[in-house]
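Throughout, residue positions are numbered sequentially from 1 according to the sequence presented.
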Amino acid sequence: MTRTEAPEHPTTTNRLSAGIVVAALAIAAAVTAVLVAAIAQPHPLWLIGPDFRVYHVAGSAVLHGISPYDVATVEGYPFTYPPFGAVVLSVLGLAGVPVAFAGWTFVNVLALEAAIWLALGLVAPRSRDRRAKVALLAAVAALPLAPVMLNFTVGQINILLLLLLVADLTRRTGRFQGVAIGIAAGIKLLPLIFIAYLLFTRRVRAAAVASATFAATVLVGFLVLPGPSARWAGGLVVDIGRMMTPGAAPFNQSIRGVLAHLPGVLSTQWFWLASAVPVGVAGLAVAAWASRRGLEAVGIFTCAVTSLLVSPVSWPFHWVWAAPGLAVWLWWAWRRSAAHVAGAALTWLVLAASGVLTFVIAVGAPTQTSAGEVMAGTLTTVIVLNSLTVVAGIVFLAALAVALRRAERRPGPLTSPS
């Protein structure tokens, strides 16, 4: 293993067993059936499908020659992604909402299973079938976690982007590494931080490929949607207000989201920038450090955590990296450290409890804007929980830096694939 490249995975011609494939499809079908039944209700919960409807209305607008930035859902939610994202999502406009939502959910469940399987390959490249079974179990175990549950219920795209990023970062270094990262960033800007990660880990060619691919997505946007693209580049790209729907601010799990609830100068934009920039640089440095120590999986997930901390908006479903992260953590810890196993289990319990709380709020609130009025103290509880997520992310970066510093005294990587 080189100091800066992703692990070299041994090639194999073995195919996954038919039982594993059937199980993966069955899990996807079961989740899809539940959510389709929920969205087909005469008065579904506000938590079912709101973001998917944004994608659907934006994609339909593209098919009808209308700017995706001039339309909104019946709830008033606008489209906020780059124009290339609207072009990609136009495929959803070919079918009605129930049918498109069913296909969308089915593909996203398969994407979650695949992303966990690929991530596990970083710590167990030779255990193909075994990690496939663990990946399916991990995917099922991840369903009640707040980030995963919310991705499926609101119909978000983050799991598909997760798959693109993990697939790119776990592949062998080559001339096409970086393409999927560039495409993901073209759909949604947050993955741009992984280009910086490639540079920090001295994979300059892959970073250049990712940058060129991202530039190509911008060009495609201008070719297909010239007017909307000019409008997006001229101001919508930095219009954070469009991303903050009424009643959603307490759910923003980023440094900016936490600071917004503090008094005085602490809630100003310049104080957020003064806080986020050093955290971003430090997080990328720690991620690259882990990669150089042979911990590519840790480096990737550290970069993901860093991106969520410094982003102006990180909703709970953006933290879907927790699903493959917990699976990798548990696999690594199982035969090494009871304390780490307990840590992974405790993290799962916290995220599952957060998912249950979110569902309780959704059931009791007729709309998102009234979610903070379901019961006394609910809004305060949500703010505290989201703040704890940010604190935990910062503590993780600091603890990892300390662990890597101590490991500098020992030769070789901290661990090796098994």
Side-chain angles (χ1 to χ4, degrees), residues 28 31-109 111-112 146-162 187-190 225 228 232 236 239-249 251-252 313-318 320 355 358-359 361-363 365-371:
V31 175
T32 301
V34 171
L35 289 177
V36 169
I39 202 172
Q41 297 298 314
H43 303 287
L45 292 175
W46 60 266
L47 198 63
I48 306 298
D51 289 14
F52 176 79
R53 286 190 287 273
V54 173
Y55 302 156
H56 190 271
V57 73
S60 299
V62 172
L63 294 179
H64 291 86
I66 303 171
S67 170
Y69 305 114
D70 288 336
V71 296
T73 64
V74 292
E75 301 93 343
Y77 300 153
F79 183 72
T80 60
Y81 296 175
F84 179 74
V87 174
V88 172
L89 293 169
S90 63
V91 66
L92 298 176
L94 298 174
V97 170
V99 174
F101 185 65
W104 180 260
T105 304
F106 189 82
V107 171
N108 269 274
V109 178
L112 177 65
V148 177
M149 181 197 73
L150 287 170
N151 264 280
F152 289 131
T153 55
V154 305
Q156 259 286 334
I157 197 173
N158 297 293
I159 293 176
L160 292 176
L161 300 182
L162 168 68
I187 297 172
K188 198 170 184 177
L189 295 179
L190 193 58
L225 301 169
W232 177 79
L236 291 180
D239 187 358
I240 298 176
R242 285 175 59 87
M243 308 175 194
M244 301 295 292
T245 55
F251 297 90
N252 186 2
V313 178
S314 292
W315 303 124
F317 44 66
H318 289 152
V320 72
T358 302
F359 186 76
I361 293 173
V363 170
T367 64
Q368 179 174 291
T369 54
S370 61

Option from N151, L162, L89, D51 for which side chain to side chain contact (heavy atoms under 4.5 Å, CB included) with I157 holds: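 Of the listed options, the one satisfying the test is L89.
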
For H56, give me all partners under side-chain hydrogen bond (donor to acceptor under 3.5 Å, both in side chains), at least two apart in sequence or on another chain.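 Not a single residue meets the side-chain hydrogen bond (donor to acceptor under 3.5 Å, both in side chains) criterion with H56.
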
Which residues share a side-chain hydrogen bond (donor to acceptor under 3.5 Å, both in side chains) with D239, sequence neighbours left out: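 D239 satisfies side-chain hydrogen bond (donor to acceptor under 3.5 Å, both in side chains) with no residue once adjacent residues are dropped.
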
Would you mind reporting whether [Y] and [X] have side-chain heavy atoms less than 4.5 Å apart?
| X | Y | answer |
| --- | --- | --- |
| V320 | L161 | no |
| F317 | I159 | no |
| L189 | P82 | yes |

About how many Å separate CG of L35 and CD1 of I48, when rounded to the nearest 0.5 Å?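 Those atoms lie 6.0 Å apart.
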
What's the separation between atom CG in L112 and atom CG in N158, rounded to the nearest 0.5 Å? 12.0 Å

What donor-acceptor contacts under 3.5 angstrom involve side-chain atoms of residues 100-107, with partners at least two apart or in another chain?
from: W104; atom 1: NE1; to: G155; atom 2: O; distance (Å): 3.1
from: W104; atom 1: NE1; to: Q156; atom 2: O; distance (Å): 3.4
from: T105; atom 1: OG1; to: F101; atom 2: O; distance (Å): 2.8

Donor-acceptor check, side chain of N252 to backbone of W315, threshold 3.5 angstrom: yes or no?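 Here the side-chain-to-backbone pair does not exist.
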
Minimum heavy-atom distance T80-W232, with the two atoms named: O-NE1, 4.3 Å

Sort and list the pairs that fulfil salt bridge (charged side-chain N to carboxylate O under 4.0 Å, His left out) and have at least one residue in residues 90-104, not counting sequence neighbours.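 For residues 90-104: none.
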
So which pairs with a foot in residues 62-78 pass salt bridge (charged side-chain N to carboxylate O under 4.0 Å, His left out), sequence neighbours left out?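 Qualifying pairs: R53-E75, D70-R231.
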
Side-chain donor-acceptor contacts of residues 61-69 below 3.5 Å, not counting sequence neighbours, with atom names and distances?
from: H64; atom 1: ND1; to: S60; atom 2: O; distance (Å): 2.7
from: S67; atom 1: OG; to: Y69; atom 2: N; distance (Å): 3.2
from: Y69; atom 1: OH; to: Y81; atom 2: O; distance (Å): 2.6

